[in-house]
Amino acid sequence: LDGSNRRRNRTSIEELAVRDMVLRRDGGMLLITERNRQFERRSTATQLQVVNNFSGRPLVDYHYDEMVILSVHPDGKPHWNNVLHKRQDDGGAFSSFFLLRSPQRLHFLFNDDVRLENTVSEYVLDGYGESDRNSLFHTRDLELRLRFRSGIQVAANELIVPSERRNRLRLVTMTY
């Protein structure tokens with residue numbers, strides 16, 4: 001609010017971070033952003049530690065939520081936009097997403113709920129901005145905690161994602 005109690009126009013959203021850009025065949029591009037927030041908090045145990053002269057570091061919660069995809073024509077005019085909803089709130093290691101690129105579609109792979117046992121889901125986005133959400137598999141009996149943000153695409157239909165659980169690192173190959 002300014003001095004005359006009128007709201008200022010907002011021209012940006014501070015919680016969106018650009019995560020990737022995809023060039024289109026016509027010279028335009030897709031701008032892929034993700035909403036990420038950090039909340040610092042202090043528990044009563046932490047406050048007692050400060051009194052006892054221990055480390056007074058606050059606890060930090062990381063939230064990786066919606067992905068906002070913006071499609072832009074080569075001349076800079078907007079083409080379409082889409083919001084892909086997800087909710088992830090852990091320490092940040094198993095949050096976010098992996099972008100698998102194919103000629104016709106983009107696959108956004110992510111942990112649906114960041115726990116020891118969760119569902120791996122995807123959004124499939126076509127060139128017109130239409131999306132489908134699919135559940136791919138559950139990690140219940142597989143003993144996996146996938147770190148999609150650290151994955152790499154090795155072929156048009158294949159990616160390798162590290163999994164870290166109980167101080168054990170595994171590399172998981174996913175093939176479409």
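These numbers come from a predicted model, not from an experiment.
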If you measure from [atom1] on [X] to [atom2] on [Y], what distance do you get to the nearest 0.5 Å?
{"X": "Glu34", "Y": "Phe108", "atom1": "CD", "atom2": "CZ", "answer": "10.0 Å"}
{"X": "Arg19", "Y": "Ile69", "atom1": "CZ", "atom2": "CD1", "answer": "10.5 Å"}
{"X": "His138", "Y": "Leu144", "atom1": "NE2", "atom2": "CG", "answer": "11.5 Å"}
{"X": "Asp126", "Y": "Ser102", "atom1": "CG", "atom2": "OG", "answer": "10.5 Å"}
{"X": "His85", "Y": "Arg35", "atom1": "NE2", "atom2": "CZ", "answer": "10.5 Å"}
{"X": "Leu109", "Y": "Met174", "atom1": "CG", "atom2": "CE", "answer": "5.0 Å"}

Side chain to side chain donor-acceptor pair (under 3.5 Å) contacts in which one or both residues fall within residues 153-166, not counting sequence neighbours: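 Checked against side chain to side chain donor-acceptor pair (under 3.5 Å) - neighbours excluded - the pairs reaching residues 153-166 are Arg147-Glu164, Glu158-Thr175.
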What is the ring orientation for Phe110 with Tyr123, classed by angle as parallel under 30°, tilted 30 to 60°, or perpendicular over 60°? parallel
Going only through I, L, V, M, F, W and Y residues with side-chain contacts under 4.5 Å, is there a path from [X] to [Y]?
{"X": "Val22", "Y": "Leu100", "value": "no"}
{"X": "Met67", "Y": "Leu16", "value": "no"}
{"X": "Val68", "Y": "Leu125", "value": "no"}
{"X": "Phe97", "Y": "Leu70", "value": "no"}
{"X": "Phe137", "Y": "Val161", "value": "yes"}

Determine the minimum heavy-atom distance between [X] and [Y], stating which atoms define it.
{"X": "Asn36", "Y": "Ala17", "answer": "ND2-CB, 3.9 Å"}
{"X": "Arg133", "Y": "Ser121", "answer": "NH2-OG, 4.3 Å"}
{"X": "Leu146", "Y": "Asn111", "answer": "O-ND2, 2.8 Å"}
{"X": "Pro103", "Y": "Arg25", "answer": "CB-NH2, 3.6 Å"}
{"X": "Ile32", "Y": "Leu99", "answer": "CD1-CD2, 3.5 Å"}
{"X": "Asn82", "Y": "Gly129", "answer": "ND2-O, 2.5 Å"}

Backbone N or O of Glu130 within a donor-acceptor pair of the Trp80 side chain at under 3.5 Å?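 Not a single qualifying donor-acceptor pair exists.
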Restricting to side chain to side chain donor-acceptor pair (under 3.5 Å), what partner residues turn up for Asp20, sequence neighbours left out?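 Applying side chain to side chain donor-acceptor pair (under 3.5 Å) to Asp20 gives Arg101.
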Mark yes when over 12 heavy atoms from residues, nucleotides or ligands other than Arg140 sit less than 6.0 Å from its CZ; otherwise mark no. no
From the options Val83, Val124, Leu84, select the one residue that forms a side-chain contact (heavy atoms from CB on, under 4.5 Å) with Ser131.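 Only match with Ser131 under side-chain contact (heavy atoms from CB on, under 4.5 Å): Leu84.
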Starting from the C-alpha separation in whole Å, work towards a yes-or-no answer on side-chain contact (heavy atoms from CB on, under 4.5 Å) for Thr139 and Asn118. CA-CA 6 Å; Thr139 63; Asn118 70 44; 3.9 Å; yes
